[in-house]
Amino acid sequence: WCLRALPGLEDVADGNLLKLSCCWFPRDFFFEAAASFLCCFCSPPRIKDEPDDDGFYASPKEDSKPLKRPREDDDVKACFQGEGNTVPGSNRFFLILQDSKAKKAKSKDKKVPEADKRKKPKKEEEQKWKWWEEERYPEGIKWKFLEHKGPVFAPPYEPLPENVKFYYDGKVMKLSTKAEEVATFFAKMLDHEYTTKEIFRKNFFKDWRKEMTPEEKSTITNLSKCDFTHMSQYFKAQTEARKQMSKEEKQKIKDENERLLKEYGYCVMDNHKERIANFKIEPPGLFRGRGNHPKMGMLKRRIMPEDIIINCSKDSKIPPPPPGHKWKEVRHDNKVTWLVSWTENIQGSIKYIMLNPSSRIKGEKDWQKYETARRLKKCVDKIRNQYREDWKSKEMKVRQRAVALYFIDKLALRAGNEKEEGETADTVGCCSLRVEHIKLHPELDGQEYVVEFDFLGKDSIRYYNKVPVEKRVFKNLQLFMENKQPEDDLFDRLNTSILNKHLQDLMEGLTAKVFRTYNASITLQQQLKELTNPDDNIPAKILSYNRANRAVAILCNHQRAPPKTFEKSMMNLQSKIDAKKEQLADARRELKSAKADAKVRRDEKSKKSVESKKKAVQRIEEQLMKLEVQATDREENKQIALSTSKLNYLDPRISVAWCKKWGIPIEKIYNKTQREKFAWAIDMAEEDFEF
DNA sequence: ATACCCACTTAGTAACGAAGGC
DNA sequence: GCCTTCGTTACTAAGTGGGTAT
């Protein structure tokens with residue numbers, strides 16, 4: 001697959017090809033460059049596991065080459081300067097070749113000591129591919145080569161054992177396989193509150209009946225007469241049994257999952273092995289949706305190979321459909337990033353299999369997103385002045401646009417696309433706000449011109465906020481609400497498309513959501529500056545970081561349900577703190593007596609004892625502080641989710657720079673997954689990075 | 001102008017599993 | 001060694017926004 005991925009190599013004569021595992025490589029190419037690009041693969045098992053009998057792998061000459069290809073070479077670097085720098089016609093491969101040739105010339109005679117190259121962790125570190133140091137593709141082209149194994153389908157339905165019964169109207173009833181499968185979906189949810197909801201039950205029953213045989217259909221006419229409890233108990237027992245499994249059995253399952261991941265969890269995109277985010281097809285089940293969803297309880301049907309569109313390179317090994325099946329379509333569209341797609345039956349929307357956030361294709365986009373936000377920083381003052389002017393416009397449309405933009409900017413509201421009624425839960429964003437969602441208070445709690453927002457946003461998360469606004473905004477809102485019903489649109493002359501078209505005129509690439517990114521990132525940067533106390537120790541600094549992060553999460557209204565065990569775990573922590581306090585008091589007492597003792601005795605031994613007691617006190621003090629910090633952090637975090645903003649809104653370079661500046665290990669801020677996603681930022685941001 | 005389709009990002013929660021306490 | 005706790009990962013719903021057809 002590597003060779004096929006390399007444009008411009010078709011003319012290589014057979015005699016110059018080398019076979020590696022199942023692939024052919026041009027001999028020169030391999031020796032000169034293969035090592036340097038293959039080492040970019042996360043795990044090159046074929047190379048390691050199946051050394052070819054050509055003996056190249058063991059060749060001391062090749063072995064002594066540095067695995068990492070140098071990045072500093074000018075010829076390479078020159079091609080990678082700046083954002084959006086694309087060099088049509090050139091390609092990554094040739095850069096790799098050039099690069100490694102240049103390196104070879106320089107280091108031809110240098111032998112790397114045997115011990116060095118076997119250092120495992122270092123090697124793995126070096127294997128990471130730095131895509132951010134390479135040129136970008138021209139706009140629109142997402143890849144040149146793509147090969148993958150296709151999706152993993154949900155396991156087929158396994159009928160219940162004979163002794164697990166379903167009862168209708170008090171009588172045992174044997175269900176057909178299809179009807180039984182859908183019944184099990186319901187049975188598994190029995191403990192959830194929503195199985196009691198009218199809409200859920202109605203939708204479920206309607207869809208379930210579609211799966212029944214005519215006989216079942218005529219018998220089962222009332223959901224309330226259905227008794228799933230036995231089935232439910234059976235599943236609970238199964239869960240319990242799974243928990244009780246022996247180590248070996250659990251290991252077996254783990255191994256199988258790993259095998260699946262290894263085989264289907266990766267693809268090859270342009271010379272690099274990349275992790276796939278979701279290679280498993282969503283299994284059938286009952287749709288829940290969030291909030292008050294009109295379609296809750298509907299049957300999410302099983303996806304078959306015949307539903308699946310495969311996207312890959314023409315010249316790649318096309319994944320075969322499961323035996324006896326066909327794909328819906330195989331296409332070769334390199335203007336999109338997805339590998340597999342299908343249409344889902346609840347909303348009729350398309351679902352995709354795409355790459356992991358650590359992949360080049362996602363990372364580049366992410367990076368670009370923050371660069372756009374940074375461009376906004378440069379012109380945000382101008383834009384703000386502009387919309388303030390527009391509040392006075394004689395055109396209604398312009399005024400509405402300006403007020404909406406003010407909300408988006410000031411409150412970090414989402415754009416608010418219209419949605420089809422009856423298809424989704426009733427939620428709104430800025431442009432789709434209705435009169436009923438705001439209240440105007442000329443005066444409230446000693447403040448003038450307060451707007452009270454109360455509406456359900458994305459995921460039916462409530463947005464509640466009382467905001468003092470400028471008089472002009474207030475007067476405009478009064479105007480917009482005149483002669484309207486509560487259910488009428490607040491901004492009746494505005495939608496996201498109009499707004500975004502306007503934004504596009506103000507700055508290239510500007511859309512409503514850029515404001516969220518910009519305001520989130522700038523808030524983090526400013527809060528970090530404000531909150532970080534240079535004299536604090538590391539845990540205290542991290543608390544400051546979390547507080548800065550929290551300010552952003554609050555701005556973006558990222559909420560979470562308080563963890564079920566919150567109160568309990570808080571109490572546990574408090575008792576730990578109390579215990580630590582006592583311990584500290586004890587240690588202090590001991591120190592005091594040791595001091596007194598030393599004063600009397602004046603010998604080395606007692607002096608030493610004082611020292612060690614002092615240290616002990618210090619240690620305990622530190623531990624106590626750590627616990628207290630933890631408690632504060634947790635309390636303040638009760639209903640706020642930090643992860644969303646961290647993952648999607650905060651330019652990672654701000655955090656990386658902050659870590660570097662204060663000597664905080666990056667691991668304290670980003671876990672492993674996050675470090676993988678933000679590898680580009682961790683690598684490139686210096687202490688002095690300014691958003 | 002509007003509806004609709006498509007691709008891609010953003011979102012919260014459930015399930016899982018490692019670490020730490022008893 | 002078992003149990004609890006808590007962070008991580010998997011999952012998939014629900015947004016945004018661009019493009020195109022009507």
Side-chain angles (χ1 to χ4, degrees), chain A residues 140 142 154 192 239 242-244 247 250 253-254 257 261 265 277-283 285 287-291 293 295-296 300 309 311 333 335-338 341 343-344 346-357 361-362 365-366 368-369 408 413-420 423-425 427-432 456-461 493 495-501 503-504 509-517 520 553 556-561 563-566 568-570 572-573 576 630 634 639-649 670-674 676:
Chain A
K142 304 296 170 69
H192 270 110
T239 317
R242 226 171 303 132
K243 268 191 220 156
Q244 299 301 322
K247 243 185 188 156
K250 279 185 183 167
I253 293 172
K254 215 175 150 188
N257 283 336
L261 174 68
N278 55 325
F279 58 92
K280 288 180 185 158
I281 300 275
E282 296 171 20
F287 178 80
R288 174 56 182 90
R290 316 248 165 93
H293 199 116
K295 299 197 169 185
M296 65 170 88
K300 218 172 90 162
I309 303 175
N311 191 33
D333 183 358
K335 309 273 194 299
V336 296
T337 66
W338 54 268
S341 76
T343 303
E344 154 267 359
I346 303 290
Q347 322 272 3
S349 65
I350 306 168
K351 299 254 181 171
Y352 303 93
I353 290 183
M354 291 184 188
L355 297 191
N356 202 54
I361 213 157
K362 294 288 183 192
K365 196 83 185 292
D366 205 36
Q368 205 175 34
K369 172 181 79 187
I408 285 171
L413 300 190
R414 295 188 185 83
N417 284 310
E418 311 91 304
K419 329 203 292 177
E420 218 176 315
E423 292 291 302
T424 59
T427 62
V428 297
C430 185
C431 294
S432 49
L456 298 182
K458 183 176 178 180
D459 295 312
S460 294
I461 298 289
R493 308 284 172 89
N495 61 38
T496 52
S497 168
I498 295 170
L499 178 66
N500 281 332
K501 274 203 189 88
L503 293 176
Q504 194 60 236
L510 186 61
T511 62
K513 86 188 190 98
V514 179
F515 281 89
R516 247 167 106 81
T517 312
C556 294
N557 200 228
H558 289 142
Q559 297 189 28
R560 62 167 187 176
K564 285 188 191 83
T565 54
F566 184 84
K568 203 177 140 210
S569 83
M570 211 59 212
N572 285 347
L573 190 57
K576 261 196 212 169
Q630 202 185 346
R634 199 184 293 174
Q639 301 194 60
I640 299 162
L642 298 187
S643 57
T644 305
S645 49
K646 209 179 205 177
L647 238 42
N648 299 306
Y649 289 103
Y670 291 137
N671 67 29
K672 186 164 152 282
T673 323
Q674 293 164 340
E676 276 165 17

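None of these values were measured; they are calculated from a predicted model. Reckoned from all heavy atoms, side chains included, excluding hydrogens, waters and symmetry mates. Within every chain, numbering begins at 1; the chains are lettered A, B, ... in the order of the sequence lines, protein sequences first and strands thereafter.
Within 4.0 Å (heavy atoms only), A/Y352 reaches at least one base atom of the nucleic acid. Heavy atoms of A/P283 sit under 4.0 angstrom from primed sugar atoms or phosphate atoms, though from no base atom. Within 4.0 Å of A/T337, counting heavy atoms only, lie sugar-phosphate atoms of the nucleic acid but no base atom. The residue A/K295 sits apart from the nucleic acid: no heavy atom pair falls under 4.0 Å. Residue contacts for A/R560: at a heavy-atom cut-off of 4.0 Å it reaches the sugar-phosphate backbone alone, with no base atom in range. Looking at heavy-atom distances under 4.0 Å, A/A425 makes no contact with the nucleic acid at all. Using a 4.0 Å heavy-atom cutoff across all strands shown, A/K243 reaches no nucleic acid atom at all. Using a 4.0 Å heavy-atom cutoff across all strands shown, A/K365 reaches sugar-phosphate atoms only and no base atom.
When the side chain to side chain contact (heavy atoms under 4.5 Å, CB included) test is applied to A/V336, the partners found at least two apart in sequence or on another chain are A/N311, A/D333, A/W338. With sequence neighbours excluded, the residues forming a salt bridge (charged side-chain N to carboxylate O under 4.0 Å, His left out) with A/R290 are A/D459, listed by chain and number. Under the side chain to side chain contact (heavy atoms under 4.5 Å, CB included) criterion, A/K419 pairs with A/T424, A/T427, not counting sequence neighbours. Residues meeting the salt bridge (charged side-chain N to carboxylate O under 4.0 Å, His left out) test with A/E423, sequence neighbours left out: A/K295. Residues passing the salt bridge (charged side-chain N to carboxylate O under 4.0 Å, His left out) test with A/K672 are A/E676, sequence neighbours excluded. Partners of A/T343 according to the side chain to side chain contact (heavy atoms under 4.5 Å, CB included) rule, which considers only residues two or more places apart in sequence or in another chain, are A/I350. Taking the salt bridge (charged side-chain N to carboxylate O under 4.0 Å, His left out) definition, one finds that A/K646 meets it with nothing, sequence neighbours left out. Under the rule for a ring pair (Phe, Tyr, Trp, His ring centres under 6.0 Å), the partners of A/F287 that lie at least two apart in sequence or sit in another chain are A/H293.
Within 6.0 Å of the NZ atom in A/K501, the count of heavy atoms belonging to other residues, nucleotides or ligands does not exceed 12.
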**OP:** Under the side-chain hydrogen bond (donor to acceptor under 3.5 Å, both in side chains) rule, what do A/E344 and A/S349 come out as? Steps first, then yes or no, please.
**Re:** CA-CA 6 Å; A/E344 154 267 359; A/S349 65; 2.9 Å; yes
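Of the residues in residues 639-647 of chain A, not one comes within less than 4.0 Å of DNA chain C through any heavy atom.
Remark: the backbone N or O of A/G429 is not paired with any side-chain donor or acceptor of A/N417 at under 3.5 angstrom.
One end of the helix from B/dA1-C/dT22 to B/dC22-C/dG1 points its axis 0° away from the other end's axis, with each axis taken from 5 pairs and the angle rounded to 10°.
Atoms CD1 (A/I408) and C1' (C/dG15) sit 14 Å apart, rounded to a whole Å. Residue A/M354 contributes atom CE, which lies 17 Å from atom C1' of C/dA10 at whole-angstrom precision. If you take CE of A/M296 and C1' of C/dA14, they are 15 Å apart, rounded to a whole angstrom. Rounding to whole angstrom units, CD of residue A/E344 and P of C/dC11 are separated by 17 Å. If you take CD of A/E282 and C1' of C/dA14, they are 13 Å apart, rounded to a whole angstrom.
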I'd like a list of close polar pairs between nucleotides 16-22 of chain C and the protein, N/O only, cut-off under 3.5 Å.
residue : atom : partner : partner atom : Å
C/dT16  : OP1  : A/A415  : N            : 3.2
C/dT16  : OP1  : A/G416  : N            : 2.6
C/dT16  : OP2  : A/N417  : N            : 3.0
C/dT16  : OP2  : A/N417  : ND2          : 3.2
C/dG17  : OP1  : A/T511  : OG1          : 2.8
C/dG17  : OP1  : A/A512  : N            : 3.2
C/dG17  : OP1  : A/K513  : N            : 2.7
C/dG17  : OP2  : A/N500  : ND2          : 3.1

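Both A/K335 and A/N495 lie close to DNA chain B; mapped to their nearest nucleotides by heavy-atom distance, the more 5′-ward contact belongs to A/N495. Between A/T517 and A/R242, the residue anchored closer to the 5' end of DNA chain B is A/T517, taking for each the nucleotide with the nearest heavy atom.
In this model, the phosphate group of C/dC11 is not approached by any side-chain N or O of A/N278 to a distance below 4.0 Å at OP1 or OP2.
When DNA chain B is scanned in the 5' to 3' direction for atoms under 4.0 Å from non-hydrogen atoms of chain A, the outermost contacting nucleotides are B/dC6 to B/dA18.
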